[in-house]
Visitor: 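Before I ask anything, here is the structure I am working with.
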Amino acid sequence: MSIFGSSHFGLPRLKPLSSKRSHVVSVLDIGSTKVVCMIGRLTPKAESQILPGRTHSIEIIGIGHHKSRGMKNGVIADLDAAESVVRLAVDAAERMAGLTIDSLIVNISAGRLQSDIYTASIDLGGQEVDAADLKKVLAAAGQQSLRQDRVILHSLPTGFSLDGERGIRDPLAMFGDALGVDMHVLTAERAALKNLELCINRAHLSVEGIVATPYASGLAALVDDEVELGCAAIDMGGGTTTISVFAEGKLVHADAISLGGHHVTTDLARGLSTRIEDAERLKVVHGSALPNSADERDIVSVPPIGEDDRDQPTHVPRALVSRIVRARIEETLELIRDRIQRSGFSPIVGKRVVLTGGAAQLTGLPESARRILARNVRIGRPLGVSGLPAAAKGPAFSTAVGLMIYPQVADMETHAVQGGLLSSLAGNNSRIARMGQWLKESF
């Protein structure tokens, strides 16, 4: 499937999962730090009290990950380098799973993600709400969101209203005079998506669906009570930090900031005059987002930047390392706080924040986030997935697992499609329209 030259402003859409048979799903998480490919078997399961939104149990049968190249702040900066890393990650996953894949569900955090709420209403004339009315009101809201330069990633009805009464989840078969809907639409720039798809196509793979990173992370790391009550999931990656707000079981807002763990590393490399690899090791081993009284006494050895053997490592107090780390972390957290405040969803988030992503593993980060965000903070790890190796059970793999969960919730979305040539040539009952419908359903 391709978004090139498509007649509508959406993306390839996933077909609903069958509740009768198992499916093999392959996903690709392209990040600024690492590229992860996962192949999983989704098997239908009976309804349970634990994670009731999940219709299938997920078993990971293949995983491959590789250090990212050719990516900067979530954007493809070098197409050849990014393509080679995608090939390596997919090849490792295929070898482990013992099968070959040809299409993938991928994530996107670049492209200036934008969340908008669109409202539409239709007149019912005191009649019962039927499926056609629902389709009509959703299409009316969706049509408002179509824009030439942006692509719709997700469009979710967040709530219906009947005669001005809001908060109705399913108005089907209810009576009223006016039916309204609030639609949350998440869009991204077309160019960013085209470059992402081009990179994957060059590795001889096709894109099955594209999911916004904040949505995927939230699906993997949040528990059902958090999704119902209202909660913010903050995915702190290498090049970008994404924010998603969930309420009443739906994604209601998403945002992204071009700051991440790699910025902390480059700050250390510049401040201590050392190489990026050594700065990364210093951050992981000695860096902390919290001040400590022992830091002034502890001395850290900083390797020199040159290749000359006669250069001696410099010795600095650990407090200096922590101060550099803390400055950038506090700046990022303050930006997150301001973005949540500005979105208007601060009351819905309440006191609940979940931190996930690779940069969330920094020592002292939850305590620092509690102080700056003034909310309860926990570290979120991927939930409800079997077969993950121990190294992939941490918060750094939340997005990849979220992409694996996404096919189970994809049918919650509704998509307005701008009529292409065939639909304008023919009405709904013509032979061409019926043939188009048959092709769409069969393939």
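Remember, it's a predicted structure, so these values are computed and weren't measured experimentally.
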Visitor: May I ask you to check whether H154 and E413 show a side-chain donor-acceptor distance below 3.5 Å?
Guide: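 Yes, side-chain donor-acceptor contact under 3.5 Å.
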Visitor: R297: what forms a side chain to side chain contact (heavy atoms under 4.5 Å, CB included) with it, not counting sequence neighbours?
Guide: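 Expected list: A294.
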Visitor: Only pairs at least two apart or in different chains count here, so list each ring pair (Phe, Tyr, Trp, His ring centres under 6.0 Å) that has a residue in residues 252-304.
Guide: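 Qualifying pairs, neighbours excluded: H253-F345.
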Visitor: Could you check whether any side-chain heavy atom of L268 comes within less than 4.5 Å of a side-chain heavy atom of V325, counting everything from C-beta outward?
Guide: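 In contact.
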Visitor: Less than 4.0 angstrom from a charged side-chain N to a carboxylate O is my criterion; do R323 and E296 meet it?
Guide: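 E296 and R323: salt-bridged.
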Visitor: With sequence neighbours excluded, tell me which residues meet salt bridge (charged side-chain N to carboxylate O under 4.0 Å, His left out) with R95.
Guide: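 D91.
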Visitor: Which pairs with one or both residues in residues 78-87 pass side chain to side chain donor-acceptor pair (under 3.5 Å), sequence neighbours excluded?
Guide: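 Of all non-adjacent pairs touching residues 78-87, those that pass side chain to side chain donor-acceptor pair (under 3.5 Å) are R69-S84, D80-R202, E83-R87, E83-R202.
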Visitor: Counting distance only, does the side-chain N/O of D182 pair as donor-acceptor with the main-chain N or O of I117 below 3.5 Å?
Guide: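 Looks like no, no N/O pair under 3.5 Å.
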Visitor: Answer with yes or no whether the side chains of T265 and E280 bring together a donor and an acceptor at under 3.5 Å.
Guide: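 A pair is found: one side chain offers a donor N or O, the other an acceptor, under 3.5 Å apart.
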Visitor: Is the side chain of E59 donor-acceptor paired with the backbone N or O of V385 at a distance under 3.5 Å, no angle test?
Guide: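 No, E59 side chain to V385 backbone: no donor-acceptor pair under 3.5 Å.
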Visitor: Please enumerate all residues that pass side chain to side chain contact (heavy atoms under 4.5 Å, CB included) together with S103, with sequence neighbours excluded.
Guide: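 S103 satisfies side chain to side chain contact (heavy atoms under 4.5 Å, CB included) with S206, E208 once adjacent residues are dropped.
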Visitor: Which ring pair (Phe, Tyr, Trp, His ring centres under 6.0 Å) pairs, counting each pair once, include a residue from residues 62-120, with sequence neighbours left out?
Guide: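 Residue pairs with at least one partner in residues 62-120: H65-F397.
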Visitor: With sequence neighbours excluded, what pairs up with D235 under the side chain to side chain donor-acceptor pair (under 3.5 Å) test?
Guide: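 So D235 forms a side chain to side chain donor-acceptor pair (under 3.5 Å) with S217, T399.
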Visitor: Taking salt bridge (charged side-chain N to carboxylate O under 4.0 Å, His left out) as the definition, give me every residue that meets it alongside R112, ordered by chain and number, with sequence neighbours left out.
Guide: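 If we apply the salt bridge (charged side-chain N to carboxylate O under 4.0 Å, His left out) test to R112, skipping adjacent residues, the hits are E189.
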Visitor: So does S288 get a backbone contact from the side chain of R326, meaning a donor-acceptor N/O pair under 3.5 Å?
Guide: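 Checked: no pair found.
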Visitor: Do the side-chain N and O atoms of T356 and R378 include a donor-acceptor pair separated by under 3.5 angstrom?
Guide: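 Short answer, no.
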Visitor: Filter on side chain to side chain donor-acceptor pair (under 3.5 Å), then keep only pairs touching residues 383-392, sequence neighbours left out; what's left?
Guide: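 Residue pairs with at least one partner in residues 383-392: there are none.
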Visitor: Which of parallel (below 30°), tilted (30 to 60°) and perpendicular (above 60°) describes Y215 and Y406?
Guide: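 The arrangement is perpendicular - the two ring planes meet at more than 60°.
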Visitor: Quick one: does E94's side chain have a donor or acceptor within less than 3.5 Å of a partner on I101's backbone?
Guide: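 Side chain of E94 to backbone of I101, a donor-acceptor pair under 3.5 Å: yes, one is there.
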Visitor: Does the side chain of D116 pick up a donor-acceptor pair with the side chain of Q114 at under 3.5 Å?
Guide: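 Short answer, yes.
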Visitor: Under the criterion salt bridge (Lys or Arg N to Asp or Glu O under 4.0 Å), I'd like the reasoning laid out for R328 against E331: C-alpha separation, chi angles, the key distance, then a yes or no.
Guide: CA-CA 5 Å; R328 182 64 83 173; E331 180 199 2; 3.1 Å; yes
Visitor: With sequence neighbours left out, what residues match A369 under side chain to side chain contact (heavy atoms under 4.5 Å, CB included)?
Guide: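 With sequence neighbours excluded, A369 shows a side chain to side chain contact (heavy atoms under 4.5 Å, CB included) to L333, L355, L373, V377, given in chain and number order.
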Visitor: Has the side chain of T213 got a donor or acceptor atom that lies under 3.5 Å from a matching backbone atom of I108?
Guide: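 Judged by distance alone, yes, a pair lies under 3.5 Å.
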Visitor: According to side chain to side chain donor-acceptor pair (under 3.5 Å), does anything in residues 360-373 pair up with another residue at least two apart or in another chain? List the pairs.
Guide: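 Residue pairs passing side chain to side chain donor-acceptor pair (under 3.5 Å), neighbours aside: E330-R371.
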Visitor: Under the side chain to side chain donor-acceptor pair (under 3.5 Å) rule, what pairs show up with a residue in residues 30-40, not counting sequence neighbours?
Guide: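 Found none.
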